[in-house]
Amino acid sequence: MIHMGIGYDVHRLVEGRKLVLGGVPIPYERGLDGHSDADVLIHAICDALFGAMGEGDIGQFFPNTDPRWKDKPSSVFLHEAVRMIQLRGGRIINVDSTVIAEAPKLGPHVKRMKQVLSEALEVHPNRVAVKATTNELLGFIGRGEGIAAMAVASVDLPL
Ligand code: MG
């Protein structure tokens, strides 16, 4: 049975933090604020995977009040979501995603993100899409106050 899931996340851009998107460090003068490494793309993908499993959001599995997840790479969360699918006898069919950021330019990093994410998701790179867009200078994203990400996942599950 094919199950779909959707995920959306936003993190604030602040000084003094490293920017990590899709598990890839990206050179920029600011980074995303959060309890973990605040990898907004991985968080959206995790929510899409949990959604496909009929589960709750990433915060239910990895609460931002839990010191275990403080400054942790979000790849830890992604591995856990993938492991949960595998434990249920499921298989990821594909993941599609979009990062919405006014800056920095993400185009040069998309290929690497796809590679890192497909390895973490244990699927062929053709089954993972990462797209980048700006917000045309509109709203909080347009003002460079934060970065958002959206993802959908399709997962084959026994029931
Ligand atoms: Mg998040």
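Note that this is a predicted model, so its numbers are computed, not measured. We count ligands from 1, going down the list as the structure has it; atoms in each ligand are counted the same way.
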Parallel, tilted or perpendicular, as decided by the 30° and 60° cut-offs, for the rings of Phe77 and His43: tilted
ILVMFWY clustering at 4.5 Å (side-chain atoms), partners of Ile6: Val152
Check against side-chain hydrogen bond (donor to acceptor under 3.5 Å, both in side chains), Arg83 and Gln86: CA-CA 5 Å; Arg83 200 180 66 94; Gln86 288 167 346; over 6 Å; no
pair Val123-Asn94: side-chain heavy atoms closer than 4.5 Å: no
Total protein N, O or S atoms, the Mg ion (ligand 1), separation less than 2.8 Å: 3
Donor-acceptor under 3.5 Å (Arg127 side chain, Leu121 main chain): no
Lys18 and Asp71 ion-paired at < 4.0 Å: no
